[in-house]
Amino acid sequence: KMHHEYKMLIMNKLFYLLKTVFIAAVVLFATACEKDELIGKYDIAGDWKMVAYIEHNTFRVIKKTEENTWSAYNNGDVTVSFTPADLTGGVISGIKITNMFFGEYTIDNKGSIKTGDIIQTMVNEPLWGRLFSSISYAERYEVRDGRLKIYCNHGKESIILEKVNK
């Protein structure tokens, strides 16, 4: 009889251990899936190039042209790097054709983005570079098909960036 009780005690402990391991595995798997979704839809880390600027109230889409930029400087591009410190923010930096800029940004996994004080100069900046200054009023963002769309100034403007593969 003692042997049977001992066997049952071992079986109960084993069952408890297996149940605990199973629950831990499920929690770990669910957390990993959630993180993958966050990384796919809200991953802004890396290097980007501005490809369009949209004024939503006039439906005007502005793209880079020879008239609004200077191709002799930074290929006429506005280039942006998001360097995450963690999942909720990091450093934004880059070149607006003739001037450099940097600052801090914070994000969440619901599409909210805020930039701290962006330190930038605008000396001799062509229109294409000046348009990017709206980044100081960033509010929401989304990543879709290799493009990052940042809504600024109460949704009145959008900056469209394309991923740059280095």
Side-chain angles (χ1 to χ4, degrees), residues 27-166:
V27 167
L28 192 65
F29 179 75
T31 307
C33 288
E34 198 175 281
K35 189 176 178 189
D36 284 346
E37 286 171 23
L38 181 135
I39 287 169
K41 195 171 177 189
Y42 298 107
D43 183 20
I44 65 173
D47 301 312
W48 303 83
K49 175 173 77 171
M50 188 164 93
V51 293
Y53 177 87
I54 302 169
E55 292 174 349
H56 291 282
N57 54 351
T58 61
F59 303 103
R60 193 168 141 207
V61 177
I62 303 169
K63 294 188 176 192
K64 182 176 93 168
T65 65
E66 283 301 315
E67 289 73 43
N68 68 15
T69 193
W70 300 325
S71 52
Y73 301 93
N74 199 38
N75 199 34
D77 287 326
V78 173
T79 51
V80 185
S81 293
F82 289 94
T83 309
D86 53 39
L87 282 176
T88 61
V91 173
I92 178 176
S93 61
I95 301 173
K96 300 183 304 156
I97 302 143
T98 56
N99 292 286
M100 296 189 336
F101 66 91
F102 71 94
E104 292 184 348
Y105 71 91
T106 56
I107 56 173
D108 68 19
N109 64 353
K110 292 174 181 64
S112 175
I113 183 170
K114 300 274 181 268
T115 54
D117 291 332
I118 302 282
I119 298 169
Q120 60 185 334
T121 54
M122 295 174 74
V123 178
N124 248 354
E125 193 77 81
L127 176 66
W128 190 238
R130 288 193 313 266
L131 290 171
F132 183 77
S133 297
S134 291
I135 195 71
S136 295
Y137 308 103
E139 295 158 330
R140 291 183 300 116
Y141 73 100
E142 60 189 32
V143 178
R144 204 174 283 150
D145 302 322
R147 287 191 165 193
L148 168 58
K149 187 173 190 176
I150 301 175
Y151 297 91
C152 308
N153 198 10
H154 307 290
K156 292 177 188 160
E157 299 142 6
S158 292
I159 295 169
I160 313 296
L161 303 165
E162 207 165 69
K163 193 83 166 175
V164 177
N165 297 319
K166 286 191 171 178

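One is the number of the first residue; the rest follow in order along the sequence.
For the atom pair CG of Asp77 and OG1 of Thr69, the computed distance is 7.0 Å after rounding to the nearest 0.5 Å. Taken to the nearest 0.5 Å, the CD1 atom of Ile95 stands 4.5 Å off from the OG1 atom of Thr79. To the nearest 0.5 Å, atoms CD1 (Ile92) and CD1 (Ile113) are separated by 6.5 Å. Summarising the geometry, atom CD1 belonging to Ile118 is positioned 6.5 Å from atom CD1 belonging to Ile135; distances are rounded to the nearest 0.5 Å. Note that the CD atom of Glu139 and the NZ atom of Lys156 stand 9.5 Å from one another [nearest 0.5 Å]. Summarising the geometry, atom CD1 belonging to Ile44 is positioned 9.0 Å from atom NZ belonging to Lys163; distances are rounded to the nearest 0.5 Å.
Within 6.0 Å of CE in Met122 there are more than 12 heavy atoms belonging to other residues, nucleotides or ligands. The 12-atom threshold is exceeded at CD of Gln120, counting heavy atoms of other residues, nucleotides or ligands nearer than 6.0 Å. At most 12 heavy atoms of other shown residues, nucleotides or ligands fall within 6.0 angstrom of atom NZ in Lys49. Around the CG atom of Asn57, the shell of radius 6.0 Å holds more than 12 heavy atoms that belong to other residues, nucleotides or ligands.
At distances below 3.5 Å, at least one donor-acceptor pair connects side-chain atoms of Asp108 with backbone N or O atoms of Ser112.
A side-chain hydrogen bond (donor to acceptor under 3.5 Å, both in side chains) with Ser158 is found for exactly one of Glu142, Lys149, His56, namely His56.
Using cut-offs of 30° and 60° on the angle between ring planes, the pair Phe132 and Phe101 is tilted.
Taking every heavy atom of both residues into account, Ala52 and Lys63 meet most closely at CB-CG, 4.3 Å. Closest approach of Cys152 and Ile159 over heavy atoms only: SG-CD1, 4.0 Å. Here the closest non-hydrogen pair linking Val143 and Trp48 is CG1-CH2, 4.5 Å. Of all non-hydrogen atoms in Ser93 and Phe102, the two that sit nearest each other are CB-CB, 3.8 Å. Listed here is the closest heavy atom pair of Ile62 and Trp128: O-CZ3, 3.5 Å.
Residues passing the side chain to side chain donor-acceptor pair (under 3.5 Å) test with Asp86, sequence neighbours excluded: Thr88. Take Glu55 and apply the salt bridge (Lys or Arg N to Asp or Glu O under 4.0 Å) test, not counting sequence neighbours, and it matches Arg60.
Side-chain N/O atoms of Thr121 and Asn99 include a donor and acceptor closer than 3.5 Å.
Using a 4.5 Å heavy-atom cutoff, the side chains of Ser134 and Tyr53 are in contact. You'll find the side chain of Val91 stays beyond 4.5 Å of the side chain of Ser81, heavy atoms only. Between Phe82 and Ile107 there is no side-chain heavy-atom pair separated by less than 4.5 Å.
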Walk me through whether Val78 and Ile97 qualify under side-chain contact (heavy atoms from CB on, under 4.5 Å). CA-CA 6 Å; Val78 173; Ile97 302 143; 4.3 Å; yes
side-chain contact (heavy atoms from CB on, under 4.5 Å), that's the test. Do Ser71 and Lys64 meet it? Break it down for me. CA-CA 10 Å; Ser71 52; Lys64 182 176 93 168; over 6 Å; no
